[in-house]
Amino acid sequence: QLQASGGGLVQAGGSLRLTCGAPGRIFSRAVMGWFRQAPGKEREYVGAISRNGMATDYADSVKDRFTISRDNAKNTASLQMNSLQPEDTAVYYCAAYNSILTDYNFRRKGSEYSYWGQGTLVTVSS
């Protein structure tokens with residue numbers, strides 16, 4: 001029910017912006033998160049943003065390079081990825097779980113997310 005887009009091929013050091021759209025009935029009640037899965041590896045938590053957009057959480061591997069934002073008027077969440085490296089190559093998924101407006105106790109396990117998008121491939125060349 002979520003739709004992720006914006007993936008593609010980028011050179012190391014470059015930037016890419018992913019977008020996730022969701023139906024309003026889901027988006028307005030949910031924490032929005034991002035995960036990724038590289039070939040041959042397990043799915044990995046990237047980060048999340050609170051329902052009110054006031055707080056974010058990031059995995060150590062992407063902190064200070066990636067930024068998550070949301071536009072509650074457009075029912076979209078974005079993942080801005082800067083300083084991309086080959087190890088960032090993966091299929092990126094957006095996900096969501098229902099939450100109260102000021103819940104900042106972010107969930108990092110995929111099993112705790114109720115809604116998922118189809119994934120978008122990001123390839124970073126060296």
Side-chain angles (χ1 to χ4, degrees):
Q1 301 187 53
L2 308 183
Q3 190 79 18
S5 62
L9 175 64
V10 63
Q11 289 187 334
S15 298
L16 210 57
R17 185 178 182 89
L18 307 183
T19 300
C20 177
R25 59 181 173 79
I26 294 175
F27 190 88
S28 63
R29 297 184 176 93
V31 166
M32 300 299 297
W34 289 91
F35 289 79
R36 67 185 182 184
Q37 187 166 20
K41 294 188 176 181
E42 294 187 353
R43 184 173 57 194
E44 175 189 21
Y45 174 77
V46 173
I49 186 166
S50 64
R51 183 178 154 188
N52 64 3
M54 297 296 289
T56 52
D57 180 54
Y58 298 97
D60 288 344
S61 58
V62 305
K63 197 173 292 184
D64 298 327
R65 298 189 299 124
F66 290 11
T67 302
I68 298 173
S69 59
R70 66 188 291 159
D71 186 335
N72 288 344
K74 296 182 179 180
N75 297 330
T76 58
S78 295
L79 177 65
Q80 176 66 41
M81 304 182 293
N82 299 328
S83 302
L84 283 163
Q85 299 302 316
E87 52 265 34
D88 295 315
T89 294
V91 176
Y92 284 72
Y93 300 89
C94 61
Y97 62 87
N98 291 337
S99 172
I100 63 172
L101 193 63
T102 54
D103 181 7
Y104 303 146
N105 188 21
F106 292 101
R107 302 173 187 178
R108 292 188 163 202
K109 296 181 180 179
S111 59
E112 296 178 298
Y113 284 70
S114 302
Y115 308 98
W116 288 86
Q118 84 288 3
T120 185
L121 176 63
V122 172
T123 303
V124 184
S125 63
S126 57

Taking Gln1 for its side chain and Ala22 for its backbone only, find out whether a donor-acceptor pair lies under 3.5 Å. no

Under 4.5 Å between any side-chain heavy atoms of Tyr104 and Asn52, yes or no? yes

Compare every heavy atom of Ser126 with every heavy atom of Ala12, then report the nearest pair and how far apart it is. CB-CA, 4.3 Å

Do Phe66 and Leu16 belong together in a cluster built from hydrophobic side chains that touch within less than 4.5 Å? yes

Linked, directly or transitively: Ile68 and Leu2 (ILVMFWY side chains, under 4.5 Å): yes

For Ala55, does its backbone N or O pair with a side-chain atom of Ser50 as donor and acceptor, under 3.5 Å? yes

Looking only at heavy atoms, which two atoms of Ser83 and Gln85 are closest? And how far apart? O-NE2, 3.3 Å

For Arg65 and Met81, indicate whether the former's side chain and the latter's backbone hold a donor-acceptor pair under 3.5 Å. no

If I take atom CG from residue Asn82 and atom CZ from residue Arg17, how far apart are they, to the nearest 0.5 angstrom? 9.5 Å

Pairwise distance CZ(Arg51) to OG(Ser99) - rounded to 0.5 angstrom: 7.0 Å

Residue pair Ser125, Leu9: steps toward the side chain to side chain contact (heavy atoms under 4.5 Å, CB included) verdict: CA-CA 7 Å; Ser125 63; Leu9 175 64; 4.3 Å; yes

How long is the span from the OG1 atom in Thr120 to the CD atom in Gln3, to the nearest 0.5 Å? 9.5 Å

Kindly indicate, with the supporting measurements, whether the criterion side chain to side chain contact (heavy atoms under 4.5 Å, CB included) is fulfilled by Ser61 and Glu44. CA-CA 10 Å; Ser61 58; Glu44 175 189 21; 3.3 Å; yes

Hydrophobic cluster membership, Val91 vs Trp116, 4.5 Å side-chain cutoff: yes

Report the relative orientation of the aromatic rings in Phe35 and Tyr113; use parallel for angles under 30°, tilted for 30 to 60°, perpendicular for over 60°. perpendicular

Check whether Arg108 reaches the backbone of Tyr58 with its side chain - one donor and one acceptor, N or O, closer than 3.5 Å. yes

Report whether Trp34 and Phe106 are members of the same hydrophobic cluster (ILVMFWY, side-chain heavy atoms less than 4.5 Å apart, transitive linking). no

Say whether, by atom type as modelled, one donor and one acceptor occur between the side chain of Arg70 and the main chain of Gly53 under 3.5 angstrom. no

Taken to the nearest 0.5 Å, the spacing of Asp103 CG from Asn98 CG works out to 11.0 Å

Kindly say whether Val124 contributes a backbone atom to a donor-acceptor pair with the side chain of Thr89 at under 3.5 angstrom? yes

Chi angles and distances behind the side chain to side chain contact (heavy atoms under 4.5 Å, CB included) call for Ser5, Thr19: CA-CA 5 Å; Ser5 62; Thr19 300; 4.1 Å; yes

Using the ring of Tyr97 (Phe, Tyr or Trp, six-membered ring only), decide whether Arg107 places NZ or CZ under 6.0 Å from its centre and within 45 degrees of its axis. yes

Given Asp88 and Arg36, is the side chain to side chain contact (heavy atoms under 4.5 Å, CB included) satisfied, shown in steps? CA-CA 9 Å; Asp88 295 315; Arg36 67 185 182 184; 2.9 Å; yes

Check for me, please, whether Leu79 and Val31 land in the same ILVMFWY cluster - side-chain distances under 4.5 Å, paths through other members count. no

Rounded to the nearest 0.5 Å, how far does CE of Met32 lie from OG of Ser69? 11.0 Å

Check: Tyr115 side chain, Phe27 main-chain N or O, donor-acceptor pair, under 3.5 Å: no

Determine the minimum heavy-atom distance between Gly24 and Ser28, stating which atoms define it. O-OG, 2.8 Å

For Ala96 versus Ala30, what's the shortest heavy-atom pair and its separation? CB-CB, 3.8 Å

At their closest point, which heavy atom of Arg43 faces which heavy atom of Gly110, and how far apart are they? NH2-CA, 3.7 Å

